[in-house]
Structure formats: structure tokens, C-alpha cells
Enquirer: 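The structure is given below, and queries will be raised subsequently.
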Amino acid sequence: MSGEQAAFGPLLRELRLAASQTIEGLAEASGVSVRGIGDLERGRRAAPQRRTVAALADGLGLDEALRERLLAAARTGRAPGYSPVGVQAFPRGVDDFVGREAQLARLAELAAGRRDAVQPVVVAVSGPPGAGKTTLALHAARALAERFPDGQLVVDLCGTDDEPPGPAELVLRVLKALRVADRELARAGPQGHPALYRRVLADRRCLLVLDDARDEAQVRPLLPAAGGAMVVVTSRRMLTGLDSVHRLPLGELSPGEAAAFLTALVGAERAAADPDAVADVAGRCGRLPLALRVAGNWLATRTGWTVRRLADRLAAEDRRLDALSAGDVRVAAAFDLSYRQLTPAAARLFRRLALVPGPDTGAAGAARLTGQALFDAEDTLEELVETGLLGAHGERYRLHDLLRLYARARLAAEESAADAVRAREALYDWLLGTTVVAGRWFEPDHGAPPADFDGPVDLSSAARARDWLQAEGANWLAALRAAAAVGAHRTVVEVAESLHWFSDQWIFWGHWPEVFGAAARSARELGDPVLEATHLNYHAWALLTCEGRPHDSLERSARALEAARRAGDVRQEAWGHIYQGLAFRRLADHVPAAAHMHRAVALFEAVGDLHGSLQARHGRALILMDSGRPEEALVVHEETLAFLERVRDRLAPHIAEFGRGGMHSGMGASLALLERWAEAVEHHRAATAIWRSSGNTAMESRQLVHLGHALASAGRQDEAREAYARCVSLGPDADPQRVTAARDALARLDTTWL
């Protein structure tokens, strides 16, 4: 027999003849096909995988020494260095690859263990135009090349071309790249090429990158059914119809990755000279890799430019897409390729999504833009998501910043200004109308929507109404601003009035002073002193509670008192006294604070306003506590809680629950001043549970700090740490001052522990 380095095919034939077996006999004994054995012996196929060699060795009855010789010959035949295309042919741009560590790690994990795999692994990399899908796939292919010694093949599917190649052409292209002999291709014929394709890939450990797939129909015939191959498919579409694939969606880079990418292109010294400008350029590129590359190349070829100069050039939104071009590379051109493949309905909705004022929208809002039925709008939105032109998170849809600018340009080019105005007005009218219905869930005299309400969003509970108001906050706020700008004063007042009690549920949203300030101005324009007093009081609350501005709050509530007295409205006069009292309390001026709150209690009781009376009683207790009279404060809190329980059935449920939370919080604080720590902890826990169950993050954050302080004072440091940590974790709706206090308290606890 020949030496150790014999080629696999001749060695297999020699061993078969020595065993006096025909090809047919070996096929029956090993389970390997007659054609497969013949192709191996004649060198028409690369050396097989280990499992095939083992089957042949078993069929030949080889001893250990001969078995090892056959395996060694197979390994030699699959030696790294054979590559039908070669990773060295990758396009430029791979070397300056930045970020995507999680995605690369996932691809490496999926590539591991391919040596003995019996099923190929398929990964679909999807994302919007310019997200760097191809670059990621090529970078990964280079990094993983040694794991696929039978070849690394990159096939451009030209999916964005008007007439991309079909599966039959692509199958033939891959077979030729894998060096399948022409006579074998001719013998199989076009009808047999798919089967030949599957058989060839089943016996080879290849990495196949199918770049820029148009759709599932183009890709599906190219996916091998067996063997140790790995296929990475890139597409602007999500290719939802493909089964048994691993999905790797790409979005924009993180701020740090985007800055690092730009720095690699323009040079560390130049970037370090103005890191804020680098961050601005990255932000105005939407941290999209293609846009970042264009911006970086622009700076790299204009050494006299500062990074700040480009940042300023990109600041103008109406010129940004034009500025993001370098030579024959234009970001807008990448968007064009996807846009022109949309159906007419999807293209129309895509353009009109530029009219959404906030960062995202729901399906109901999208339907208003186009006049579609809700289900039709959902289908159209999903088409945009599938094509990579629209992002989705839960039930919200968001255009990437640069795609929003592109959509705005297409809207101006393809639709009349009048049509765009009508679409925006339809959206804004719906937003404000729905805001009124949702907000009234929290108003004592309204609650659930009227029986004839037939809106496209589910407002069947207060929780759902709150979710909608918060999700659409940026959008209905923009609609309210537009109404104020055109003098729609009654609309502004109606919307703000509907949101009065809801504002307690979302204290640190950041826009309540604007909302209620606009309503107060509209009320004054309407010449109605009751409305003016009402909204001045709301404005006073917002300035004090949301922004901590007691002096400005005092001025608004004083004007509210004057307007209420002028109108003879006792209820609004009482609310004016409450806000005067709360502002004086914040200023630690306890005598006028107590006087105003006492007057408020009397006025509310005179008109039988239970909701106002509850607030005023609570305010009296807080002022007593702040003025160093915790025993009296505790008594008033207990009396107020008893009052609440007596009238609870006549109160709006969420207001009653809010009141209970306030009472337990106040009692806990009073007990803390008396150093009755165990009792204080129990009341603070009760209040925390109320705020948590009602979804009021702002109040929960405040309560958790009180609870943490009480627990720490009681010597229960571990529980205190849990309370502070919970406060820190609550997110943007928490009271920022209390979050800071919780972080400081955690640091003190850690220092003490050390």
C-alpha cells in the first residue's frame, strides 16, 4: 500500500480492493451511496467528514491502524488553505470594524462544534439599510475561517436589484465555486442541480455567506439540509418565513461604539481634540454604521476640517442627508433601494410617519395618518418592519432618525402640502380626543369611557388608559402645543382639565408646568374666571411638585385665589388655599402654611367636596409634622385615615388609594420623628405597597427612601439596602432627587459596612 500521505481517494480504492469488495458491496455495508464512494475514489469530491470515514472503515472491517490511516488521509484532504473563494477577497472596510461584540460572540458560539455536526446552522442577519450587515458577516467569516476548511464562500444575491438572480442561477454559481466538475453538472442537468447542491454541501464543512437576500423564496433553495455547513444570510428584510434559523437583528451602534468607529477613521489625535464634536457627529448620523463611515471618510479626506465643522454641517436636518455623501456613496441611496421595493400602501404610510411628532407611534395613530382601518394599518406597519425600514418594540413603531428625514423628503417630493396638513390634522385631532377620554378615567366625575366610545385603542381600564397616555405622551403634547398655537383655547382647556388627576400618576414626566401653563393662558383668553382659577391652581401644583419652585407656585395660586373670589367659586378658592399652604410649607414658613390649610378644610367642608377635604386634612398633618409637632401630626393623620375609610365609597377609587398611601406615608414619617422605628417601618411598607400596586413610580421612589431611612435607623441595614436599591432601579419616572438620595444612602451603608 502507499505511504501515510496518500490521497484519500486512491487509499480508499486500495483498501476496498484489498478487502475484495465492490463499490456496491461497500455501499451496502457502510450506508454510503454508490455514487458517493465512486466520486471519492475518483477525486470528484473533497474528503468526507469524520462520520462518513467511520462508516466506510466499518464497512471495510479495518483494524485500528488502517482506520487511522484512512482518517489521516481525510484530514489531509480537508486541510485548511483550500478555499473556493478565499476570505482574502473580502471588500475593504472589514479591517476597521468596530463593536458588535455580542453578535460576533453569538456567531462564534454557533460555529463551534461544526466538525461533527449533522445539521447545518443558518443565521439570518437583518437590519435597516446601512446597519453594517454585510460588514459584520464578512468580519465574522474571516474570524471563523479556520473552522471551515472546506471553503468560505461569499455569494452576492443582489437582492436590491430590480431583477436579482433566481435560485437556479445561484445554485449553479455555488456549485461551480465549489469546483464541482462540469461533466458532473452536465450529468445532473438543471433539474438535478438542487440535489447535487445539497449532496455536495452535506459532505463539506463550508461557511456560506449569502449576502443581500431579497426574500425567503430566493434564499430557501440555497439552505443545505444536512452536514456541518454554516450559512449566514444578510438581508434588509427579517425573512420571517424561514424556519429553523437563528436570528441576529442589527440596529445602530452604541454611543461608545459609534465614537470609536469615527475615531478609527479620523485619527485618535483629531478626535481627542473635540470629543463632544465626535459625539455630536455620531448622534447626527443616528449611530448608523454607513452614515458614520461616510462622515468619517469625509473628514479623513478633508484634513483642514475640524470635527466640529462637520457636526455643525450635519446640524441642519433639511440638509443632513445631502451632507451624508462621500464620492459615489450616499446614505440616501441606500434608503432608496429599500423604499422602491415597497407596495404603494406601505410607501404612503412610510412617508407619512414623518408627520409623527414623537419618537414612535402605535398602530392606531398610523391608521389616522392614512385613513386605513386599524388591521390594515397593522399589516402595513409590519410590511415596513419586515423590510427593515421601521423598528418595532412591543406595540410601538419607530423610524430611525435618518430614515425619518428620508421619509420627510419623500413626503415633500411625492405628496402635496395640503395632503400632508390634512394627515397631520387627522392625527392630532385623534390624539387630543383620545387623551380626553383616557385622562377622564382619573377624574372623579367621569371614570370609564362612555358606552358609545368606539375608539381604536383599548381604554377599558384605568391602567390601560395610563399606559396609553404615557406611551403617546410626546405625541399628544405636540398636538396640544399645535392647538395652543392656533388659538384653539377650549380644546387646550378641555385636554388639560381631563389630565388634572392623572398628573399625580406621572409626576416627573417633565411637561406638566407647560400643559397647565398653556391651559391657564387659554382660560384667560376665554374670559372665564372659574376656568382661569382652576388652571392657575393646576399650574401652581405643577410648579411646586414637579419643579420645586415654591415662589412661582405662590404667585400662581395667589392669582387663582383672586380669580376664584371674583367668580364666587368656593371650591377653587379652597384649592388656592391648599397650594398656598403647600408652597409656604416648602419654604418652611409654617404659620401661614397652617392658616391656609385650615381655611381650605373649612371651605371644602362647606361645599361638601370630599376629595378636596381629604387633601386639605392631609396637608394640615404634614405641616404639623414639619413644624416639630409629630404627636399632633400623628393624631391628625389617624383622624384623616379614619375619615377616608368613612367616605371611601364616595371617592374615586384611585384618589382614595392615593389618599391611603399619603396617610400611611405621613404616619410613618411622624413615627420616625418620634423614633418609633418598628411602627414607622410598617407604615412606610404599607405606603410603598400602595404606590407599587397602583403603578405610581414617582411616589414609590419617594416612599422607598423613607422606608430605607427607617430601616437603617432600626438597625436593619440589609433591608434598608434593598429599599434603596429598589429606588435606584425604578427608571426615569422616579423622583430624581430621591434616586440621588438613595444612591448616597447606599454608598454610606457600604462605607459603614467596610
Side-chain angles (χ1 to χ4, degrees), residues 444 497 500-501 503-504 516 520 523 528-545 548-644 646-647 650-652 655-656 658-659 662-663 665-667 669-670:
E497 177 63 44
H500 166 221
W501 286 98
S503 60
D504 280 331
F516 294 128
D528 186 327
V530 175
L531 285 178
E532 186 176 0
T534 299
H535 292 281
L536 281 168
N537 275 327
Y538 297 164
H539 197 201
W541 168 85
L543 290 169
L544 180 67
T545 305
R549 295 161 57 187
H551 293 290
D552 291 333
S553 178
L554 274 174
E555 187 271 336
R556 301 305 191 280
S557 56
R559 286 168 51 193
L561 277 171
E562 189 277 329
R565 288 166 180 156
R566 189 170 72 248
D569 190 290
V570 175
R571 180 176 283 103
Q572 287 307 316
E573 184 181 351
W575 279 111
H577 281 296
I578 277 190
Y579 295 126
Q580 287 269 297
L582 291 176
F584 278 119
R585 176 196 174 215
R586 181 70 65 91
L587 294 168
D589 198 346
H590 302 305
V591 173
H596 280 289
M597 207 62 71
H598 181 78
R599 181 63 177 153
V601 171
L603 290 174
F604 279 128
E605 289 182 352
V607 296
D609 188 328
L610 297 179
H611 295 97
S613 183
L614 176 64
Q615 305 302 315
R617 288 166 180 262
H618 184 205
R620 282 181 58 196
L622 293 175
I623 292 167
L624 285 169
M625 183 180 67
D626 288 352
S627 57
R629 299 155 67 182
E631 295 92 343
E632 296 174 67
L634 186 59
V635 170
V636 175
H637 272 125
E638 290 171 342
E639 291 174 347
T640 305
L641 187 58
F643 165 80
L644 170 60
R646 287 198 306 273
V647 303
R650 288 180 282 167
L651 298 175
I655 297 177
F658 195 96
M663 293 308 108
S665 177
M667 292 170 74
S670 299

Enquirer: What's the shortest heavy-atom distance between Gly581 and Ala593, and which atoms?
Expert: O-CB, 3.4 Å

Enquirer: Checking Leu641 against His637 for the side chain to side chain contact (heavy atoms under 4.5 Å, CB included) test, could you report, in this order, the C-alpha distance in whole Å, the side-chain angles of both residues, the deciding distance, and whether it holds?
Expert: CA-CA 6 Å; Leu641 187 58; His637 272 125; over 6 Å; no

Enquirer: What distance separates Ser557 OG from His539 NE2, expressed to the nearest 0.5 Å?
Expert: 11.5 Å

Enquirer: Roughly how far apart are Leu610 CG and Arg650 CZ, rounded to 0.5 Å?
Expert: 5.0 Å

Enquirer: Yes or no on side chain to side chain contact (heavy atoms under 4.5 Å, CB included) for His535 and Glu497, after CA distance, side-chain angles and deciding distance?
Expert: CA-CA 8 Å; His535 292 281; Glu497 177 63 44; 3.9 Å; yes

Enquirer: Grab the two heavy atoms, one from Val530 and one from Gln572, that are nearest each other, plus how far apart they are.
Expert: O-CG, 4.4 Å

Enquirer: Could you go step by step and tell me if Phe516 and Asn537 meet the side chain to side chain contact (heavy atoms under 4.5 Å, CB included) rule?
Expert: CA-CA 9 Å; Phe516 294 128; Asn537 275 327; over 6 Å; no

Enquirer: Atom CD1 in Ile578, atom OG in Ser613: separation rounded to 0.5 Å?
Expert: 8.5 Å

Enquirer: Are Val570 and Asp609 side-chain neighbours, meaning at least one heavy-atom pair lies under 4.5 Å?
Expert: no

Enquirer: For Ile655 and Pro444, which heavy atoms make the closest approach, and how far apart are they?
Expert: CD1-CG, 3.5 Å

Enquirer: Can Arg617 and Glu605 be said to form a salt bridge (Lys or Arg N to Asp or Glu O under 4.0 Å), step by step?
Expert: CA-CA 11 Å; Arg617 288 166 180 262; Glu605 289 182 352; 2.8 Å; yes

Enquirer: On a heavy-atom basis, which atom in Met597 and which in Ala616 lie closest, and how many Å separate them?
Expert: CG-O, 3.3 Å

Enquirer: To the nearest 0.5 angstrom, please state how far the CG atom of Leu582 sits from the NE2 atom of His618.
Expert: 9.5 Å

Enquirer: As an exercise, state the distance from CZ of Arg586 to CG of Asp626, rounded to the nearest 0.5 Å.
Expert: 10.0 Å

Enquirer: Could you tell me if the side chain of Leu587 sits less than 4.5 Å from the side chain of His551, heavy atoms only?
Expert: yes

Enquirer: Quick one, Val647 with Leu614, criterion side chain to side chain contact (heavy atoms under 4.5 Å, CB included). Give me CA distance, side-chain angles, the key distance, then yes/no.
Expert: CA-CA 10 Å; Val647 303; Leu614 176 64; over 6 Å; no

Enquirer: Checking the side chain of Thr545 only, and the main-chain atoms of Ala542 only, is there a donor and an acceptor separated by less than 3.5 Å?
Expert: no

Enquirer: Quick check: does any side chain N or O of Ser670 sit under 3.5 Å from a backbone N or O of Gly666, one acting as donor and the other as acceptor?
Expert: yes

Enquirer: Give me the atom names and distance for the closest heavy-atom approach of Gln580 to Leu554.
Expert: NE2-O, 2.9 Å

Enquirer: Please determine whether the number of non-hydrogen atoms from other residues, nucleotides or ligands lying under 6.0 Å from atom NE2 of His590 exceeds 12.
Expert: yes

Enquirer: Side-chain contact test, heavy atoms from C-beta onward, threshold under 4.5 Å: evaluate it for His611 versus Trp501 and give yes or no.
Expert: yes

Enquirer: Which of these passes ring-ring contact (aromatic ring centres under 6.0 Å, His included) with Trp575: Tyr538, Phe604, Trp541?
Expert: Phe604

Enquirer: Out of curiosity, Arg646 CZ to Leu651 CG, how far, rounded to the nearest 0.5 Å?
Expert: 11.5 Å

Enquirer: What's the verdict on salt bridge (Lys or Arg N to Asp or Glu O under 4.0 Å) for Glu532 and Arg566, showing C-alpha distance, side-chain angles and the deciding distance?
Expert: CA-CA 11 Å; Glu532 186 176 0; Arg566 189 170 72 248; 3.7 Å; yes

Enquirer: Quick check: closest heavy atoms across Glu573 and Arg599, and the distance to 0.1 Å?
Expert: OE2-NH2, 4.4 Å

